[in-house]
*Asks:* 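Below you will find the structure I want to go over with you.
Below, chain A is the first sequence line, B the second, and so on; all start at residue 1.
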Amino acid sequence: MDSKVRVRFAPSPTGGLHLGGVRTVLFNYLFAKHHGGEFILRIEDTDQTRFVAGAEQYIIDTLNWCGLVPDESPLHGGAYGPYRQSERKAIYTQYANTLIEKGFAYYAFDTQEDLEEKRKQLPNFQYSPAHRMEMKNSISLSESEVSELLKKNTPYVIRIKIPDDEEVVFTDIIRGEVRFDVSTVDDKVLLKADGMPTYHLAVVVDDYLMKITHAFRGEEWLPSAPVHILLWKYLFGLDKMPKWAHLPLILKPEGSGKLSKRDGERLGFPVFAMDWSDPTTKETTVGFKEKGFLPEAFINFLAMLGWNDGSDKEIFTIEELIAAFDLERVHKGGAKFDYEKAKWFNQEWIKKTDNTILAELLQPFFDQEKIEIHERSYLIKVIGMVKDRCHLLTDFITQSSFFFAAPTTIDTSAILPKWEEKKHVFFTALVQSFQEMSGKPLAAELEANFKTLAASHEIKPGDLLLPLRIMLVGGKFGPGVFDIIEAIEIPDTIKRIEHSLQLLSEK
RNA sequence: GGAGCGUUCGACUAAGGGUUAGGUCACCUCCCUUUCACGGAGGUAAUACGGGUUCGAAUCCCGUACGCUCUACCA
């Protein structure tokens, strides 16, 4: 008896992977690894009308970036393949036929038009025991009529025959006992006219064949759980059924409802894990990765959305998450996504991450901005100076670009109101004193020199520090002024002061 | 309309019959910092409502309200 934990994430490749999807992966992964089990990626590509080129690769890339690598997948292979449902078509047909033979399913010949017409007549129409005799199917029609239709290759679907009066009860790991009166669900299509299964059939058949022990999915699936349970009962037996857990939803930050791609666009934050370019519209949706998130931070805040270990601990490494994860502590209620808190997690992870590693991660961001970095060691030093004030990797650009090139704009409006001739004289003298210096003076020496000079000009250092800062970095931000001078060194400092002096005298 | 699920500070959450209902983000004040941050010290702020059960309820039970999800030959 093989009792090894096996879980799966089964997305349909229709576009970018969003927060909710990644969190479902995460909880699957954490659960599997916590129990020493296996995590499987299965591609649910049974809807050929929604096929999107590149979406499968995108999912795999995203999982890689997150560090949630499957043990079995279309790419990694495994003993229970193929892992793409489109390649398993024959398997589903076989089980659909079994269902027909056993009387748990039937052929339905209604066209799309028939159904639309019926729905127009009956606003709350359900293809259910109450109405199925009014439709065109192998229950309402005579045997000869059915075989005639079949012989003529009339398109048909296979529908599950939901029992009239039965209660389905199952235990959800998160929600406890959930009961459904099956009469409220309709005869779901199991096999479509194109021969492809719907999700309902495919998920049951594949979970069985792939020996899935625990099935986790979003709460939106709860209402169709009775269909799946019935199918398990008819096909494989309830004792073989995986344990279910329906995960709470991730909600919009404001208002209510499921978080959507549109919310991100409207409110200015990412929703997808990584950049996603729609191959047909060419529209690109920004991802957490490109926005400047560390995967560790992304995973960390996703884990805390709906779960905690019972303590006040919030910063977790993936190893710590694996060790502490417990499905029983996952919430029932949905959680609103808070971008500010997400950024806080990222900031904590930036602080935690070694400067050498940050330098490597940051290089592409600097490249993209065309900021040339001549020495990696200098970059690493600069990172150490500014990392405390960065929430996102992209913040490093604004916080440190002046270390690599003179600022392109100088906020003279912040200097001008208090600017006076004697300050101009002072800065000219400062430049001169710099010119007389040799080598690479340290911040402390620079500060002492500056203060002596200020005193001799009878100006408070405080009145001079802000102008000097703005001359060097362009605005009111950045690390200590003298640390900056030490880093960019004297010749550059002189150039920047002289440039600003000129700008100021032009005004 | 029907079915299911849910509801603690603005947000994420802790408290599994007994706490002045705790922590974090955000916000405010102060300290540190001759910038912006980091850091430190404080502060504002919540058990949806109504009934029970109980000496005692955020916690257990029942209603109500509100919200969400689903109700496709999409997942």
*Asks:* I'd like to know whether NZ of A:Lys423 has more than 12 heavy-atom contacts from other residues, nucleotides or ligands below 6.0 angstrom.
*Replies:*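 Yes, because the 6.0 Å sphere around NZ of A:Lys423 holds more than 12 heavy atoms from other groups.
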*Asks:* What residues in residues 9-16 of chain A put a non-hydrogen atom under 4.0 Å from any atom of RNA chain B?
*Replies:*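 Within residues 9-16 of chain A, the residues near RNA chain B are A:Ser12.
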*Asks:* Respond yes when some side-chain nitrogen or oxygen of A:Lys258 is under 4.0 Å from OP1 or OP2 of B:C70, and no when none is.
*Replies:*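 For B:C70, OP1 or OP2 has a side-chain N or O of A:Lys258 closer than 4.0 Å.
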*Asks:* Going by a 90° cut-off around 0, is B:C25 syn or anti?
*Replies:*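 Anti conformation here, the glycosidic angle of B:C25 being more than 90° from 0.
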*Asks:* How does protein contact run along nucleotides 35-50 of chain B, one letter per nucleotide 5' to 3', with B for base contact, S for sugar-phosphate only, - for none, heavy atoms under 4.0 Å?
*Replies:* BBBSS-----------
*Asks:* Rounding to the closest angstrom, what is the interatomic distance between B:U8 and B:U69 at atom C1'?
*Replies:*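 That atom pair is separated by 23 Å.
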*Asks:* Pick the P atom in B:C49 and in B:A65, then give their distance to the nearest Å.
*Replies:*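 Those two atoms are separated by 15 Å.
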*Asks:* Is the phosphate of B:U13, meaning OP1 or OP2, less than 4.0 Å from a side-chain N or O of A:Asn308?
*Replies:*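 So the side chain of A:Asn308 is outside the cut-off, no N or O lying under 4.0 Å from OP1 or OP2 of B:U13.
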*Asks:* Taking the C1' atom in each of B:G17 and B:G56, what is the distance between them to the nearest angstrom?
*Replies:*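 Nearest-Å result for B:G17 against B:G56 at atom C1': 7 Å.
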*Asks:* Identify the nucleotide, in any strand shown, that forms a Watson-Crick or G-U wobble pair with B:U33, with both distances under 3.5 Å; if there is none, say none.
*Replies:*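 By the stated definition (distances under 3.5 Å), nothing pairs with B:U33.
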*Asks:* Quick one: list whatever passes ring pair (Phe, Tyr, Trp, His ring centres under 6.0 Å) with A:Phe426, sequence neighbours left out.
*Replies:*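 Per chain and number, A:Phe426 pairs via ring pair (Phe, Tyr, Trp, His ring centres under 6.0 Å) with A:Phe450, A:His457.
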*Asks:* Please determine if A:Arg42 forms a cation-pi arrangement with A:Phe9, meaning its NZ or CZ atom is less than 6.0 Å from the six-membered ring centre and no more than 45° off the ring axis.
*Replies:*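 A:Arg42 over A:Phe9 ring: no.
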*Asks:* Of the options A:Tyr95, A:Trp232, A:Tyr92, which is the one that meets A:Val204 in a side-chain contact (heavy atoms from CB on, under 4.5 Å)?
*Replies:*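 Of A:Tyr95, A:Trp232, A:Tyr92, side-chain contact (heavy atoms from CB on, under 4.5 Å) with A:Val204 is met by A:Trp232 alone.
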*Asks:* Could you write nucleotides 1-8 of chain B as a row of B, S and -, 5' to 3', where a protein heavy atom under 4.0 Å of any base atom gives B, of only sugar-phosphate atoms gives S, and otherwise -?
*Replies:* B-SSSS--
*Asks:* Side chains of A:Asn449 and A:Thr452: is there a donor and an acceptor less than 3.5 Å apart?
*Replies:*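 Short answer, no.
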*Asks:* What nucleotide, of B:U34, B:A15, B:C70, holds the atom closest to the side chain of A:Arg329?
*Replies:*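 Within the option list, the nearest is B:A15.
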*Asks:* Using a 4.0 Å cut-off on heavy atoms, which residues in residues 449-460 of chain A reach RNA chain B? List them by number, or say none.
*Replies:*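 Nucleic-acid contacts, sorted: none.
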*Asks:* Run A:Phe402 and A:Leu472 through side chain to side chain contact (heavy atoms under 4.5 Å, CB included) and show every step you take.
*Replies:* CA-CA 8 Å; A:Phe402 58 84; A:Leu472 300 178; over 6 Å; no
*Asks:* Please tell me if A:Lys418 has a side-chain N or O lying less than 4.0 Å from either OP1 or OP2 of B:U34.
*Replies:*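 For B:U34, OP1/OP2 do not have a side-chain N/O of A:Lys418 under 4.0 Å.
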*Asks:* With heavy atoms under 4.0 Å as the rule, sort A:Leu305 into base, sugar-phosphate or nothing.
*Replies:*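 Result for A:Leu305 = sugar-phosphate.
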*Asks:* With sequence neighbours excluded, what pairs up with A:Trp307 under the ring pair (Phe, Tyr, Trp, His ring centres under 6.0 Å) test?
*Replies:*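 Checked A:Trp307 against ring pair (Phe, Tyr, Trp, His ring centres under 6.0 Å); matches are A:Phe316, A:Phe325.
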*Asks:* Could you identify the nucleotide paired to B:C9, looking across every strand shown and requiring Watson-Crick or G-U wobble geometry with both distances under 3.5 Å?
*Replies:*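 Pairing partner, where one exists within any strand: none, as none qualifies.
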*Asks:* Using a heavy-atom cut-off of under 4.0 Å over every strand shown, decide if A:Leu464 touches base, sugar-phosphate, or nothing.
*Replies:*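 Nothing, no heavy atom under 4.0 Å.
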*Asks:* Contact class for A:Arg217 (heavy atom, under 4.0 Å): base, sugar-phosphate, or nothing?
*Replies:*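 Nothing, no nucleic acid heavy atom in range.
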*Asks:* Name the nucleic acid region contacted by A:Val157, choosing base, sugar-phosphate or nothing; use a 4.0 angstrom heavy-atom cut-off, strictly under.
*Replies:*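 The answer is base, as A:Val157 lies within the cut-off (heavy atoms under 4.0 Å) of a base atom.
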